[in-house]
Protein chains: 2
Amino acid sequence: MQSNSAQPKISGQNCESKDGDNVLHPTCLVCEVRACGLCSELNNESLIKLQKITRTREYKAGEQIFCDEEPLQNYATIKNGIVKLTKILPDGRQQTIGLGFPPDFIGRAFKDTNSSFAIALTDVTVCTFPKELFNGFLSSLPKLEHKLFELTLNELDQARELMLMLGQMSALEKVTGLLIGFSKRLHHSNQLQNIESDINRFELQLSRAEISDFLGLTIETVSRQFSLLKQKGLITIENQRQIHILDRPEMEEIAGHSPF
Amino acid sequence: MQSNSAQPKISGQNCESKDGDNVLHPTCLVCEVRACGLCSELNNESLIKLQKITRTREYKAGEQIFCDEEPLQNYATIKNGIVKLTKILPDGRQQTIGLGFPPDFIGRAFKDTNSSFAIALTDVTVCTFPKELFNGFLSSLPKLEHKLFELTLNELDQARELMLMLGQMSALEKVTGLLIGFSKRLHHSNQLQNIESDINRFELQLSRAEISDFLGLTIETVSRQFSLLKQKGLITIENQRQIHILDRPEMEEIAGHSPF
DNA sequence: TCATGCAATTGATATAGATCAATTCATAGC
DNA sequence: GCTATGAATTGATCTATATCAATTGCATGA
């Protein structure tokens, strides 16, 4: 489980802009998630302050954004792409504990280490905040802390839905639930960014192995459930990952409820 | 899944005390979790304000503290006893998503409904806060909100550990992990309250059915794992629930890591 | 003390999903 | 276009856990 890759590209709206101290940097002005992410609760003045400590970073699909052991340096919000959060046991077993879509926040607030890995599923762009400085901001901007708190509560709700799925659902229910949940989540993320999207057609950015690590199943079982869903005429799949949900009501019926 | 019981006993340090407005009520003065719970971050002045909206409530073992559907009326901190949080599917399947020990907070902040049930495992005493009033307090007392945020982050960490357990662990690992985790959690709660306790001897306040709902197993499988652990000489059980861990290192080795 | 009833254990069997083993499919490089 | 390589599918078998069925244990009340 090594980081499989070159250094991420760093490009900075960083620190001292020559325009002086009170201008919103272009990177924020055109930010995909300016209006819906953590920053959405900030007025211009606060945002200008926050902006000074941020950097934009890009990761290629498969790159590790942070890991288990090493002390956490940065928090981040996802501007673009999909991130998986995953726990890895010494013996190699792996449990994916969540997916991050724009404008999700990643990193464990108020702690020096994460207890999981964050890995880019697609090419990913994030906006990073150095840990110490960001913690300072949290204390001085109650609105920021409040927003982060709400995002955290949503994550907790999600984690608990996922627990229900992992503990009680059959393989078919799990796979169906993943498709329904992933599509909802992706569509929602797109809507927040005013990106046109069809909730029933999407690219499932996870390999079969990644899906099985998420659902607590094996690759083969996941594959068999996909075949079953195709056979039942509920979905079609092109190029392994391009999903088309044909009968959403029936799928939702099988999934019982959505895990996201 | 009905509430199986009489109305909980209500006793109030409530509202207008005759001593005037600026005295700490006796109930808070002798509170078991005054120093470690949500209130621990409040100075006397804030606590006096908060105290005015609180009520002490008692529930018998088995009673429902709140449920799934009905709009949430109150938040609470646990003063005494153990609470289980659980999700129930229409078809009767059930997944317990966490346990609450003193001084844990229960209830979903900033939302009108919980998406789970809270059920008293033992006789339980809680300190309740009416939702609306408490939300007002959160906005006006940043320290209170911050503390609640930290508690929520801990819960999220726990939920994710549990996901790892549900998705990847064998039956034996799950049962062992539960025993190790439950004992740690209980011992920790006792320590916070300066209650003497032996981490390796405790009453597991869950029926086999409740354990199986927690671990995503059946009653029979849970029972077999207990028998196996006894056979290996790692634990003894008296009266079905009184657990004595004989070889903690070996148990921790099997559990791999603790789910709490 | 004995019946009653529910919880836990233990045993026998069934099965969903895991594991092992070929194929088949898709993408990348030549 | 063709070959090589890893991913996905499909098939055959195995196994951990579920399910079904007694049996045992323990608490309650007559």
Side-chain angles (χ1 to χ4, degrees), chain A residues 4 60-62 84 89 91-95 121-122 165-179 203-232 234-244 254 256, chain B residues 4 60-62 84 89 91-95 121-122 165-179 203-232 235-243 254 256:
Chain A
N4 48 4
K60 290 267 161 232
K84 81 169 172 183
L89 290 172
D91 64 11
R93 283 179 289 180
Q94 187 171 342
Q95 178 64 47
L121 278 181
T122 62
M165 179 160 94
L166 287 170
Q168 303 297 329
M169 299 299 208
S170 70
L172 182 63
E173 290 170 322
K174 285 178 177 179
V175 170
T176 309
L178 174 72
L179 292 179
E203 188 170 352
L204 183 64
Q205 302 277 14
L206 296 149
S207 68
R208 296 294 182 267
E210 285 169 326
I211 295 170
S212 62
D213 285 338
F214 198 5
L215 302 182
L217 299 170
T218 57
I219 296 174
E220 294 92 331
T221 300
V222 170
S223 181
R224 280 183 243 271
Q225 307 313 314
F226 273 118
S227 300
L228 222 160
L229 290 172
K230 281 188 280 188
Q231 206 179 293
K232 289 185 175 205
L234 301 177
I235 61 169
T236 59
I237 304 181
E238 271 170 60
N239 298 328
Q240 244 107 238
R241 298 194 172 193
Q242 211 61 41
I243 309 288
H244 185 191
I254 294 173
Chain B
N4 48 2
K60 291 266 161 233
K84 82 170 172 183
L89 290 172
D91 63 13
R93 283 179 289 180
Q94 188 171 341
Q95 177 64 48
L121 278 182
T122 62
M165 180 160 93
L166 287 170
Q168 304 297 328
M169 298 299 208
S170 71
L172 182 64
E173 289 170 323
K174 284 177 177 179
V175 170
T176 309
L178 174 73
L179 292 178
E203 189 171 350
L204 184 64
Q205 302 276 17
L206 296 149
S207 68
R208 296 292 183 268
E210 285 169 327
I211 295 170
S212 63
D213 285 339
F214 198 6
L215 303 181
L217 299 170
T218 59
I219 295 174
E220 294 93 331
T221 299
V222 169
S223 181
R224 281 182 241 272
Q225 307 314 313
F226 273 117
S227 300
L228 221 159
L229 289 172
K230 280 190 280 189
Q231 205 179 295
K232 288 185 176 207
I235 62 170
T236 59
I237 305 180
E238 271 170 61
N239 298 328
Q240 243 104 241
R241 298 194 171 191
Q242 211 60 42
I243 308 289
I254 294 172

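Reminder, nothing fancy here: chain letters follow the sequence lines and each chain counts from 1. On a predicted model such as this, the values are computed, not experimentally measured, just so you know.
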Chemist: Using whole Å, report how far CG of B:L215 lies from P of D:dA18.
Modeler: 10 Å
Chemist: Can you find a side chain N or O atom of A:S223 that sits less than 4.0 Å from OP1 or OP2 on D:dA8?
Modeler: no
Chemist: Please state whether the phosphate of C:dG17, meaning OP1 or OP2, lies under 4.0 angstrom from any side-chain nitrogen or oxygen of A:T221.
Modeler: no
Chemist: Could you give the CG-to-P distance, from A:L228 to D:dT9, as a whole number of Å?
Modeler: 13 Å
Chemist: How close do B:Q205 and B:E210 get, counting heavy atoms only, and between which atoms?
Modeler: O-OE1, 4.1 Å
Chemist: Report the distance from atom CG of B:N239 to atom C1' of D:dG25, rounded to the nearest whole Å.
Modeler: 11 Å
Chemist: Looking at five pairs on each end of the helix from C:dT1-D:dA30 to C:dC30-D:dG1, what is the angle between the two axes, given to 10 degrees?
Modeler: 30°
Chemist: Would you find a donor on one side and an acceptor on the other, under 3.5 Å apart, between the side chain of A:Q231 and the backbone of A:L228?
Modeler: no
Chemist: So which nucleotide from D:dT9, C:dT9, C:dA8 ends up closest to the side chain of B:S207?
Modeler: C:dA8
Chemist: From CE of A:M169 over to C1' of C:dG17, roughly how many Å is that when rounded to an integer?
Modeler: 17 Å
Chemist: Of the nucleotides C:dA8, C:dA26, D:dT17, which one has an atom closest to the side chain of A:Q240?
Modeler: C:dA26
Chemist: With the side chain counted from C-beta on, respond yes when A:Q94 and B:Q168 share a heavy-atom pair under 4.5 Å apart, and no when they do not.
Modeler: no
Chemist: Any side-chain heavy atom of A:L166 sitting closer than 4.5 Å to one from A:Q95?
Modeler: yes
Chemist: In whole angstroms, how far is the C1' atom of D:dA7 from the CD1 atom of A:I211?
Modeler: 12 Å
Chemist: Take the protein atom CG of B:L229 and the nucleotide atom C1' of C:dT9, then report the distance between them rounded to whole Å.
Modeler: 15 Å
Chemist: Compare side-chain N and O positions of B:R224 against OP1 and OP2 of C:dT10 and report whether any pair is under 4.0 Å apart.
Modeler: no
Chemist: When the side chains of residues 212-221 of chain A are checked against the rest of the protein, which donor-acceptor pairs come out under 3.5 Å, sequence neighbours left out?
Modeler:
{"from": "A:S212", "atom 1": "OG", "to": "A:R208", "atom 2": "O", "distance (Å)": "3.3"}
{"from": "A:S212", "atom 1": "OG", "to": "A:A209", "atom 2": "O", "distance (Å)": "2.7"}
{"from": "A:T218", "atom 1": "OG1", "to": "A:T221", "atom 2": "N", "distance (Å)": "3.3"}
{"from": "A:T218", "atom 1": "OG1", "to": "A:T221", "atom 2": "OG1", "distance (Å)": "3.0"}

Chemist: For A:D213 and C:dA18, what is the distance between atoms CG and C1' respectively, to the nearest whole Å?
Modeler: 14 Å
Chemist: Decide yes or no for A:V222 and A:L178: does some side-chain heavy atom of the first lie under 4.5 Å from some side-chain heavy atom of the second?
Modeler: no
Chemist: Which part of the nucleic acid does A:S227 contact within heavy-atom distance under 4.0 Å: base, sugar-phosphate only, or nothing?
Modeler: sugar-phosphate
Chemist: Ignoring the backbone of A:R208, work out which of D:dT9, D:dA27, C:dT9 is nearest its side chain.
Modeler: D:dT9
Chemist: Quickly, which of B:I211, B:T176, B:L172 forms a side-chain contact (heavy atoms from CB on, under 4.5 Å) with B:Q225? Name it, please.
Modeler: B:L172
Chemist: To the side chain of A:E220, which of D:dT17, C:dG17, C:dA21 is closest?
Modeler: C:dA21
Chemist: In whole angstrom, give the distance that lies between atom CG of B:L166 and atom P of D:dT17.
Modeler: 13 Å
